[in-house]
Amino acid sequence: MYKPKPLPPLAFRQRDDLAFHRALQQAAKGYLQEKGDHRFADGRVYLKSLTLILVCLGSYGLMLSSQGGILFFVGYPLFIFFALLLAINMVHDASHNAVFQRGALNRIVNFWVTIPLGLDPDCWRVRHIVFHHSHTNVRHYDLDIEENFLLRQTPYQRWYPFMRWQHLYWPLIAAMTFPALIWGYDWFDRFHFTRVAPKMRHQGAKGIGVFLLSKILHLFLAILLPYWVLSPYGIGIGTLLGVYLLSQMFASFIFVVLILGTHWAKATFYTASDSGRMEQGFYTHTFSTTYDWQTTPKCLTYWLGGLNLHLTHHLFPNWHHRHYPALARIIQQTAAQFGMDYHCVDAKTLWRYQQRFLKRMGTGEGVR
């Protein structure tokens, strides 16, 4: 069994941000008290989630009833797209225990809602929460910026001549993220080829059993059942797999832009000391690595699960995304009081920043 090199726990200089932390939490608590509200999902969120589930199932039914016609090539991508929206709007918050107050209900939601998309919820939870949130843009700690030899994401990674064009080909790498996770990294994580497995909720035979069940259910739903129903109408396995791959790539591209784009745009990366100590506090670190950005039109924020307000999410990860617009205003006001560098840029500016960063990394800047 592979045993990755252990790393010391990361330690931020919390005293540097203590006053800001207290002011921010007090303002957020006051916001809830004023509204008589809580940090979890509410009835409107449940209605939105139910709507997305019905539309996702409806797209799947449309695809199965297409008899191999044009509706197959419309229904299948829509099925995967709405499965992505379900993951963004439900799984992401449930992973942070922000949908229901009972953790068990959040885990049940995660298991079943991820079946259409195919991602293992526990693997993703550990990668996203344990490694990314706690160690954003920190070398060796944040698994989202691990060296992949195709895309140079930090000054600490090796450079190859073809990376001069990475600002042009990065969308293809982003699009392949979901297929790579579903059929590659999830398996490496579960079977102890990465540092993820020891952090998973279920270990041993139970963990493997739950993992294999989720993959079998996804395979049946996304491949086997459509092939069984549609093969008499001329939809061969090659066509089905091709549409499956393209649909997953489209969904993957959207998700990676929402998650990683903000960290690329900020373009600040760190290396921890041998003892794991950082030279700044957690809030200072988060402000230096993460942006909020606005969608156009603004109503898209609602359907994108608030992920564009990414700095807000990193500062309040255990709050449901329905609160993010209000929390973003609180962060902006509190940051101004303490001289913290808060920015909420538009989508064009975010794109320009991340392209500029990828070009810089593609030239070999900062190679060490």
Side-chain angles (χ1 to χ4, degrees), residues 2 4-5 7 10 84 119 123-124 127-128 131-189 193-196 245-272 278 285-286 288-291 293 307-308 310-311 314 343 345-368:
Y2 176 71
K5 180 182 176 181
L7 296 173
L10 211 60
L84 170 68
L119 295 171
C123 294
W124 187 82
R127 280 183 168 268
H128 179 67
F131 288 99
H132 173 65
H133 264 266
S134 303
H135 319 104
T136 308
N137 285 13
V138 180
R139 184 189 186 193
H140 301 314
Y141 285 84
D142 185 355
L143 297 185
D144 283 356
I145 59 169
E146 278 193 310
E147 189 166 16
N148 57 32
F149 306 105
L150 296 174
L151 203 65
R152 187 166 181 261
Q153 300 183 74
T154 80
Y156 307 107
Q157 294 174 352
R158 280 167 281 192
W159 176 84
Y160 300 95
F162 65 83
M163 291 176 175
R164 292 190 183 97
W165 298 280
Q166 69 174 14
H167 65 286
L168 300 176
Y169 70 73
W170 76 264
L172 178 61
I173 306 301
M176 288 304 298
T177 299
F178 274 7
L181 285 172
I182 295 165
W183 301 111
Y185 286 105
D186 278 357
W187 297 79
F188 297 148
D189 290 345
F193 287 95
T194 68
R195 287 183 284 131
V196 171
L245 177 61
L246 290 174
S247 300
Q248 290 280 13
M249 290 174 66
F250 176 66
S252 178
F253 174 74
I254 295 173
F255 188 75
V256 170
V257 168
L258 289 174
I259 291 288
L260 273 184
T262 177
H263 301 302
W264 286 345
K266 205 67 175 183
T268 308
F269 299 87
Y270 296 93
T271 295
M278 301 295 290
H285 179 89
T286 304
S288 72
T289 57
T290 315
Y291 269 120
W293 59 278
L307 283 186
N308 56 293
H310 210 63
L311 171 64
H314 271 255
H343 291 286
V345 301
D346 57 40
K348 288 184 179 179
T349 302
L350 183 81
W351 179 272
R352 186 169 70 250
Y353 285 172
Q354 73 175 34
Q355 287 296 99
R356 183 172 64 191
F357 164 71
L358 289 171
K359 285 181 181 179
R360 283 169 42 206
M361 293 299 99
T363 63
E365 178 183 308
V367 171
R368 303 172 186 182

Would the H135 and H285 ring centres measure less than 6.0 Å apart? no
Side-chain heavy atoms of R158 within contact of F149, under 4.5 Å: yes
Is the backbone of A174 close enough, under 3.5 Å, to the side chain of S252 for a donor and an acceptor to pair up by distance? yes
Once you round to the nearest 0.5 Å, how far does CG of L358 lie from CG of L168? 10.0 Å
At their closest point, which heavy atom of Q166 faces which heavy atom of G362, and how far apart are they? NE2-N, 3.5 Å
Determine, stepwise, if the pair V138 / T271 fulfils side-chain contact (heavy atoms from CB on, under 4.5 Å). CA-CA 6 Å; V138 180; T271 295; over 6 Å; no
Looking at CG of D346 and CH2 of W293, how far apart are the two atoms once the value is rounded to the nearest 0.5 Å? 10.0 Å
Minimal non-hydrogen separation, M361 against W159, with atom names: O-CD1, 3.7 Å
Are side-chain heavy atoms of F253 and L258 found at a separation under 4.5 Å? no
Establish, yes or no, whether a centroid distance under 6.0 Å links the rings of H263 and H310. yes
Would you confirm whether Y169, through its side chain, and L150, through its main-chain N or O, come within 3.5 Å as a donor-acceptor pair? yes
State the CG-NE2 distance between L350 and H343, to the nearest 0.5 angstrom. 13.0 Å
Hey, is the main chain of F131 close enough, under 3.5 Å, to the side chain of S134 for a donor-acceptor pair? no
Salt bridge check: are R127 and D189 linked by an N-O gap of less than 4.0 Å? yes
Are any of the side-chain heavy atoms of T136 and H314 separated by less than 4.5 Å? yes
Are side-chain heavy atoms of K266 and T262 found at a separation under 4.5 Å? no
Roughly how far, to the nearest 0.5 Å, is CZ of F357 from NE2 of H167? 13.5 Å
Does T177 reach the main-chain N or O of I173 with its side chain, forming a donor-acceptor pair under 3.5 Å? yes
Please report the shortest heavy-atom distance between Y141 and A272, naming the atom on each side. CE1-CB, 3.9 Å
Are the side chains of T349 and R352 in contact, using a 4.5 Å heavy-atom criterion? yes
CH2 of W183 to CZ of F178, rounded to nearest 0.5 Å, is 14.5 Å
Any donor-acceptor N/O pair, H128 side chain to W124 backbone, under 3.5 Å: no
Please check if the side chain of Q157 supplies one atom and the backbone of I145 the other of a donor-acceptor pair under 3.5 Å. yes
Looking only at side chains, do Y270 and S288 share a donor and an acceptor under 3.5 Å apart? yes
Residue pair W187 / C123, side-chain heavy-atom distance below 4.5 Å: no
Heavy-atom distance under 4.5 Å between the side chains of F250 and L84, does that happen here? no
Just by distance, do the side chain of Q153 and the backbone of E147 share a donor-acceptor pair under 3.5 Å? no
Short question: side chain of R360, backbone of T363 - any donor-acceptor pair under 3.5 Å? no
Calculate, to the nearest 0.5 Å, the distance between atoms CE and CD1 belonging to M249 and I254 respectively. 12.5 Å
Could you verify whether a donor N or O on one side chain and an acceptor N or O on the other, from W170 and Q355, lie under 3.5 Å apart? yes
Does some side-chain heavy atom of F269 sit less than 4.5 Å from a side-chain heavy atom of R139? no
What heavy-atom pair brings R152 and P155 nearest, and what distance separates the two atoms? NH2-O, 3.1 Å
Working for side-chain contact (heavy atoms from CB on, under 4.5 Å), residues H132 and L143: CA-CA 6 Å; H132 173 65; L143 297 185; over 6 Å; no
One pair to check against side-chain contact (heavy atoms from CB on, under 4.5 Å): L307 and I259. What are the steps and the verdict? CA-CA 7 Å; L307 283 186; I259 291 288; 4.1 Å; yes
Is the distance between the ring centroids of Y291 and Y353 less than 6.0 Å? yes
Look only at the side chain of N137 and the backbone of T268, and say whether a donor-acceptor pair between them is shorter than 3.5 Å. yes
